[in-house]
Amino acid sequence: MVDANAASEEKKKSLNFIELMIEEDLKNGKNNGRVHTRFPPEPNGYLHIGHAKSICLNFGLAEKYNGKTNLRFDDTNPSTEDTEYVDSIMEDVRWLGFQWDKEPYYASDYFDTLHEYAIRLIENGKAYVCHLTQEEASANRGTPNKPGIESPYRYRSVEENLELFRKMRNGELPEGTCTLRAKIDMASPNMHLRDPAMYRIKFAHHHRTGDKWCIYPMYDFAHGQSDYVEGITHSICTLEFEVHRPLYDWFVENIGLTGDRPYQTEFARLNLSYTVMSKRKLLQLVNEKIVTGWDDPRMPTICGYRRRGYTPESIRMFADKIGVAKRENLIDVSLLEHCIREDLNKKANRALAVLNPLKMVITNYPEGQTEELEAINNPEDENAGTRMVPFSREVYIERDDFMEDPPKKFFRLAPGREVRLRYAYFIKCNDVIKDNDGNIVALHCTYDPESKGGKSPDGRSVKATIHWVSAEHAVKAEVRLYDRLFVSPNPDDAEEGKDFKSNLNPDSLKLVTGLLEPSLLKATPGEKYQFERIGYFCADKDFTPEKPVFNRTVSLKDTWAKVSGQM
RNA sequence: UGUCCGAUGGUGUAAUUGGCAACACAACUGAUUCUGGAUCAGUAGAGUCUAGGUUCGAGCCCUAGUCGGACAACCA
């Protein structure tokens, strides 16, 4: 029995419009209570965060209503598709934490069935072979405002159509000579109903069916029927397919499919500020080497986020928070950043790292002495334990943590001021050492031996605790500071004559050599850390102890940056 | 000069289906803190695109507009 309190304590989350529809279906006993969704990517590119929204939606719905979700590759266009993408898509879906029902499916699994359906439509006088060229067909289709005109081939006999279609199929007709078209209505206000193509001739090698076929079904003819064959109950896609729905229904009805049939429902795709999402543009970024590849940590691809240090949990949390609706939206990236900070705050071990070093000499600390100080790995997680960090007479601190002439609100180190070195000692700045040009090259400080571990023996307090790393023990690492790829919230808003690339952020990647506490050498590729007071970092996939590389996932919230106007 | 869809704080998403517009992010204030992080407490911000109508009562229903989006691949 469910605990009534637990049930009422858990805040009732309101349902989105798709959940509402499903619950209505369930109530009406539709599909005998089955809920079966599908995620149908075309294997012609890498998955991005927009796909993640769809994946979370489809798999999430199935989870919630005790149903199943198929992974189906929509591979009806052999000239653009490739197994390379099949593999990456499966990896990404699994990484997000979802398991599809049984084996992955392919639209190409149904080529035979689809072919039979096509013949059925021809036999019923609902499809015909059209010999119009692509240009002619396009001209005859009219425009959204003007009705099209019927093809001269529209009223061929069933026998002739059957024969012609057989020839298409058998490779007797060259590419481009004709198509099989549904006979619907050339005057329909919906362009998709103006005798859409069902099959085209393509002498292309298919990644799964090889050279078995030289005719391939179009999306509209393949999709709904694939849904039907798989027993999909709810076929969920993005808004731009809304005008396809009448055609989706037309095929299902006119082929005469019996039993449960699928219904298409559309939702608004994800748009993220400072991000481009279209496959074409992402491909362009890769091809023109603006980024290093599909998994460049600045890319909004799943593999990009993975390499950047995002967790599956954070992306699922994000998908949950953005909701599902039908109106166009532009989600603020800060929400995504909030999700990864929230997740990593609980999970990531802390470490000390200095990215912009300033040397500090602790003049009253014995020369040659080293001690190991205990540091907490994660204050948010008691089980994370502690580690030892070496300390010595010379340390590096962050340049930003010192100001010779500090403004009022600057709490950190300044001449004559005392701060705490995290987990180490209270130190006081006595001298500022400069070179001939007046640049600060080092600080001379003194420490209070009584404050070992960072404790305040006499109860006195300091206004700041800063991070540091022992000069003698520090290890160098390449640190990649990633920032948003575009400077404009909507990169497509470009000046006349310019495109989204004019909005690229020139500082989307800064390489620095960081000085890290030695324990960081034990990191493994993909491992996530919080560099205290800086941000979350992830050991790159190419990380080795010989050549350590860390990627910045996201910075920590920085109220000082706000106060000082750096943000 | 078409068809379809949409419109609620800065951004998203809700509103028991006709009953005092809520939640999250962002912002701001304060407390607290060995991370200017985290945490906690609090503040501000929309009267729901416009105009009519129905109703005791409309963000929800009706009518007419306005604005935005999608649709004219042998792409998906």
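The sequence lines fix the lettering, A, B, ..., with proteins before strands; numbering per chain opens at 1. Below, all heavy atoms of this structure are taken into account, side chains as well, without hydrogens, waters or symmetry copies.
Defined by atom type and a distance below 3.5 Å, a donor-acceptor pair is present between the side-chain atoms of A:Q530 and A:Y536. Between the side chains of A:S235 and A:Q264, no donor N or O sits under 3.5 Å from an acceptor N or O.
Phosphate contact (OP1/OP2 of B:U8, side-chain N/O of A:R327, threshold under 4.0 Å): present.
Within 6.0 Å of the NZ atom in A:K146, the count of heavy atoms belonging to other residues, nucleotides or ligands does not exceed 12. Around NZ of A:K281, the count of heavy atoms belonging to other residues, nucleotides or ligands within 6.0 Å exceeds 12. Summarising the local packing, CZ of A:R269 is surrounded by 12 or fewer heavy atoms from other residues, nucleotides or ligands at distances under 6.0 Å.
Glycosidic torsion of B:G47 falls within 90° of 0, placing the base in syn.
Counting any heavy atom pair closer than 4.0 Å across all strands shown, A:L335 reaches sugar-phosphate atoms only and no base atom. Using a 4.0 Å heavy-atom criterion, one finds that A:E175 contacts no nucleic acid atom at all. At the heavy-atom level, A:P379 lies under 4.0 Å from base atoms of the strands shown.
Taking the ring-ring contact (aromatic ring centres under 6.0 Å, His included) definition, one finds that A:Y396 meets it with nothing, sequence neighbours left out.
For A:E380 against B:U39, no side-chain N or O and base N or O form a donor-acceptor pair under 3.5 Å.
Residue-to-nucleotide proximity on RNA chain B shows that, of A:R412 and A:I322, the 5′-proximal contact is made by A:I322. Of the two residues near RNA chain B, A:P217 and A:R350, the one whose nearest nucleotide lies more 5' is A:R350.
The listed nucleotides are B:A76, B:G37, B:C25; the one nearest the side chain of A:S334 is B:C25. Side-chain atoms of A:N77 lie closest to B:C75 of the nucleotides B:G37, B:C75, B:G69. Which of B:A24, B:U8, B:U17 sits closest to the side chain of A:K321 comes down to B:A24. Comparing B:A72, B:A38, B:U17 against the side chain of A:M191 picks out B:A72 as the nearest.
For the atom pair CG of A:L15 and CD of A:E24, the computed distance is 11.5 Å after rounding to the nearest 0.5 Å.
At a non-hydrogen distance threshold of 4.0 Å, A:Q134, A:S138, A:R141, A:G142, A:T143, A:P144, A:N145 from residues 134-146 of chain A come into contact with RNA chain B.
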